[in-house]
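Encoded as structure tokens, the structure appears first; notes follow it.
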Amino acid sequence: MIQALPEILRAFPSVLYRIVGATHPNLIASEGERYRNELKELAQSTGVSHAIEWEDQFLDTTELLDQLEACDIYLTPYPNLQQSTSGTLSYAVALGKAVISTPYIHARELLGGSVGILVEPKSAPAIAQAVCSLLNDPARLATQKRRAYDRGRLTIWPRFADAVSHMIERSVAQPLCAESVREPSFDAVRRMSDSTGMLQHAIGAVPDRRHGYCLDDNVRALMLVNVAAGISINERIKLATIYAAFIQHAWNEDIGAFRNFMRFDREWCEERGSEDSNGRAIWALARTAIDNPNAELRQWATRLYDTVLGHSQALDSPRTLAFVTLGAAAMVAQRPGHEPSRAAVIRGAEILAHLLERSRRPDWIWFEAVAAYDNPRLPQALIAAGQALQRQDWLALGQESLAWICQRQTAPGGHFRPIGSEGFGLPYDQLPFDQQPLEAQAVLDACAAAYRVDGAELWHMHGMAAWRWFFGANDRGVVLADPDSGLCRDGINPRGANLNCGAESILAFHLSYHSMLALIRGQTQDSGKRVDHTEQGGSRPVVYS
């Protein structure tokens, strides 16, 4: 560049060339400032010293950017064509500077497509010609700056992060295996159950008695044995009685609420459980009153449901309202004249519809400013209420919000990506981990309910994506569920699968199977296909034309 300056100065006498930066410490250690002194002597001998300014010091980033901002043309005349990176080249392009460079690796990649001007190495005439061509043509100089700036937009951190994210999606988020359509073995449920009820947690596949039991898991277990076809009727009644006894004992008549957590020694941890546990219990009682194969258990569930439903008027959190509404809507279908159930459906649906209309934005069709757990239950409740009371407005709101949350939980690669627990409560945002089986079950249940209403392919697509999530079609490509044992891992964290197999996860997998069947049955009926459940005693659905 110093050798090119005489020719440049003849055409543009006011040009100033700035050489910025300290000599590399390795050179200082081996030869001192010999190279810099040679350059200064060359500038003196060629008569261009007056046109060069030396910044003989290391510059921090802010000072370096100031220097780059001040230049019209940036040059990297490096002789080493194997150089893979240049921080100053990246900065210069990002700042929209016209760049002239020798074709080392980084320069070829960043300046390709006429973003910059590449010249042959160690050629003073080539450098002089490139510099003069830009200074002679202000329009071309401006064009080069614009091209550099536009390319620089692709290298800023947000765009770089997007590119890395998409690369990970393409490379990692691929299904490892096809989903199973076999009914999961009931062994995992048996393993987690004893004469008291279903234990909460496990260490690996071994029940962890330290955490005892909870109402939430026992009402889910009761809902499962209501519909489980893969075990004998005697075992269904036996297990249902155990879970029903737990629920009966959980009811605290003195305060009109269910307890939730019980220690392994059968001592309750509180007098009143969470609102959600109370809402789930009401839902489970309604489903048991309808679905259980034993008449006495159906009668028990109906009586307790009638006892506790009135106390739900004090429950008002959105998901609790959804659980109560789902139970009451099922009861309205079974007992059309049951006014307490009709009143509960109206109350729940009206509040949920109000929350949706109050919180929605053009890009946020949701009931709250945040997304949390069990999200699809909210639109599912509106769909159920709309069906039970023939309210098209509630149906429409439920379908609209369900489509939105399903899309929100679809990854760019098309697989299911549930809102992770680390992102619960983020305003108008979400995070992907930790992902939990409960979320996949909620999507399957809600999509099966929506499919029964209009038969839209949309619901089948999203529901089956949630089912495939159990079998490797997820962000980490890990298989969570094993139909042979009936076990299911507790979810997905950034490193892969959580290897524990707690009650919530096992039950979510088993209950998801039945919702998946509903989707398959609905689609095959719509398309003229049949589903045969006779193979191996009805345990394996086979779809055929």
Side-chain angles (χ1 to χ4, degrees), residues 1-5 7-22 24 39 48 51-55 57-167:
M1 178 59 201
I2 292 174
Q3 291 170 339
L5 271 176
E7 182 176 345
I8 296 171
L9 288 168
R10 280 193 289 272
F12 302 96
S14 62
V15 159
L16 176 65
Y17 179 49
R18 308 200 78 244
I19 300 176
V20 178
H24 195 283
L39 294 177
V48 297
I52 300 177
E53 287 186 0
W54 299 82
E55 187 73 45
Q57 61 180 328
F58 177 80
L59 303 181
D60 63 27
T61 301
T62 301
E63 294 171 319
L64 177 61
L65 293 177
D66 287 342
Q67 295 279 355
L68 290 169
E69 285 277 19
C71 78
D72 294 295
I73 299 172
Y74 170 77
L75 294 106
T76 48
Y78 299 157
N80 177 14
L81 299 189
Q82 299 307 309
Q83 182 159 334
S84 60
T85 61
S86 169
T88 52
L89 175 64
S90 298
Y91 288 139
V93 170
L95 291 170
K97 298 300 170 180
V99 179
I100 299 171
S101 177
T102 51
Y104 56 93
I105 293 173
H106 189 191
R108 291 200 306 271
E109 292 179 351
L110 191 57
L111 302 179
S114 300
V115 170
I117 298 175
L118 298 176
V119 297
E120 59 183 288
K122 300 181 180 180
S123 173
I127 292 175
Q129 192 277 329
V131 172
C132 291
S133 70
L134 292 178
L135 296 180
N136 267 322
D137 189 346
R140 185 185 181 196
L141 179 61
T143 297
Q144 288 298 139
K145 289 181 177 181
R146 170 52 61 184
R147 288 173 179 169
Y149 184 82
D150 290 343
R151 175 63 61 83
R153 296 312 87 202
L154 303 178
T155 67
I156 60 176
W157 279 114
R159 298 295 294 276
F160 181 79
D162 286 343
V164 171
S165 175
H166 291 146
M167 178 185 71

Which residues pass the ring-ring contact (aromatic ring centres under 6.0 Å, His included) test with Phe58, sequence neighbours left out?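 ring-ring contact (aromatic ring centres under 6.0 Å, His included) list for Phe58, sorted by chain: empty.
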For the [atom1] atom of [X] and the [atom2] atom of [Y], what is their distance to the nearest 0.5 Å?
X: Thr61; Y: Asp66; atom1: OG1; atom2: CG; answer: 11.0 Å
X: Ile19; Y: Ile52; atom1: CD1; atom2: CD1; answer: 5.0 Å
X: Ser133; Y: Leu141; atom1: OG; atom2: CG; answer: 9.5 Å
X: Leu134; Y: Asp72; atom1: CG; atom2: CG; answer: 10.0 Å
X: Thr88; Y: Leu65; atom1: OG1; atom2: CG; answer: 10.5 Å

Any side-chain heavy atom of Leu9 sitting closer than 4.5 Å to one from Val15? yes
Within-4.5 Å side-chain heavy-atom neighbours: Thr155 and Val93: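 No, too far: nothing below the 4.5 Å cut-off.
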Check the surroundings of atom [atom1] in [X]: do more than 12 heavy atoms from other residues, nucleotides or ligands lie under 6.0 Å from it?
X: Gln83; atom1: CD; value: yes
X: Phe12; atom1: CZ; value: yes
X: Arg18; atom1: CZ; value: yes
X: Tyr91; atom1: OH; value: no

Applying side-chain hydrogen bond (donor to acceptor under 3.5 Å, both in side chains), name anything that partners Arg108, two or more places apart in sequence or on another chain. none
Return the minimal non-hydrogen interatomic distance between [X] and [Y], and the atom names on each side.
X: Ala11; Y: Cys132; answer: CB-SG, 4.4 Å
X: Pro77; Y: Ile127; answer: CB-CD1, 4.1 Å
X: Leu64; Y: Leu59; answer: N-CB, 4.1 Å
X: His106; Y: Ser86; answer: ND1-N, 2.8 Å
X: Leu68; Y: Ala92; answer: CD1-N, 4.1 Å
X: Lys122; Y: Pro79; answer: CE-CB, 3.8 Å

Mark yes or no for whether Arg151, through its side chain, and Arg146, through its backbone, hold a donor-acceptor pair below 3.5 Å. no
Say whether, by atom type as modelled, one donor and one acceptor occur between the side chain of Glu53 and the main chain of Tyr17 under 3.5 angstrom.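 Flag not set: sc Glu53 to bb Tyr17 has no pair under 3.5 Å.
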What pairs of donor and acceptor atoms, side-chain ones from residues 95-104 against any protein atom, are under 3.5 angstrom apart with sequence neighbours left out?
unit_1 : atom_1 : unit_2 : atom_2 : d
Lys97  : NZ     : Glu69  : O      : 3.0
Lys97  : NZ     : Cys71  : O      : 3.1
Ser101 : OG     : Thr76  : O      : 3.2
Ser101 : OG     : Thr76  : OG1    : 2.8
Thr102 : OG1    : Thr76  : O      : 3.4
Thr102 : OG1    : Tyr78  : N      : 3.1
Thr102 : OG1    : Tyr78  : O      : 2.6
Tyr104 : OH     : Thr76  : OG1    : 3.1

